[in-house]
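Following: one structure in structure tokens, then a few remarks.
Residue numbers count from 1 along this sequence. Since the structure is predicted, the reported quantities are computational estimates derived from the model, not experimental observations.
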Amino acid sequence: MKQVIILFIIATFSIQSFAQGNIVVEGKSSVKLIPEQLIFRINMSVKDSNYTKCADLAIEKIELIKSQFGKNGIDEDLIKTQNYSIREIRKHDYKTQKSVFEGYQASIPITITTKRDNPKNDVI
């Protein structure tokens, strides 16, 4: 009789342990991250028919942009230029079937990198 009771107890625990292995839990989770840095990019370009004037105008515009940010309380050390390029602009003339010179274009991309908690981000 003791053997039957012991077998019954072992069988009961075995069935319960097998039943627990079939439990399935489903759900969804999401994680939202707030960026540590904010990066603002401005593509500045100027055009002129003279190469030297185009280059000078581009430098003047960069200085004007930096001074405007400075007047609004943005630190000028945050303002970076990545590269500087001047290219010739040509347009195709369909009447003569030739390329016609139109001038020069200077392009300077400006990047402003700030921290997330900078109170001046709305001004930028």
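By the criterion of side-chain heavy atoms lying less than 4.5 angstrom apart, applied directly or through intervening Ile, Leu, Val, Met, Phe, Trp or Tyr residues, I65 is grouped together with Y84 in one hydrophobic cluster. Under the 4.5 Å side-chain heavy-atom criterion for grouping Ile, Leu, Val, Met, Phe, Trp and Tyr, V46 is not connected to L64 through any hydrophobic cluster.
Of the possible donor and acceptor atoms, one in the side chain of K80 sits under 3.5 Å from a partner among the backbone N and O of D77.
For the atom pair CD1 of I112 and CD1 of I39, the computed distance is 11.5 Å after rounding to the nearest 0.5 Å. Distance CD1/I59 to SG/C54: 10.5 Å, rounded to 0.5 Å. Expressed to the nearest 0.5 Å, how far NE2 of H92 lies from CD of Q97 amounts to 4.0 Å. Interatomic distance, CD1 of I108 versus CD1 of I62, reported as 4.0 Å (0.5 Å rounding). A distance of 5.0 Å separates CG of N50 from OG1 of T52, quoted to the nearest 0.5 Å. Annotation: the span from I110 atom CD1 to K61 atom NZ amounts to 11.5 Å, rounded to 0.5 Å.
Residues I42 and F69 have side chains in contact (heavy-atom distance under 4.5 Å, counting atoms from C-beta outward). N43 has its side chain out of reach of S107: every pair of non-hydrogen atoms, C-beta onward, lies at least 4.5 Å apart. Looking at D93 and K98, their side chains never come closer than 4.5 Å, going by heavy atoms from C-beta outward.
Between K47 and L57, the closest heavy-atom pair is O-CD2, 4.2 Å.
With sequence neighbours left out, Y51 forms a ring-ring contact (aromatic ring centres under 6.0 Å, His included) with Y104.
Annotation for F101: atom CZ counts as buried by contact number, over 12 foreign heavy atoms lying within 6.0 Å.
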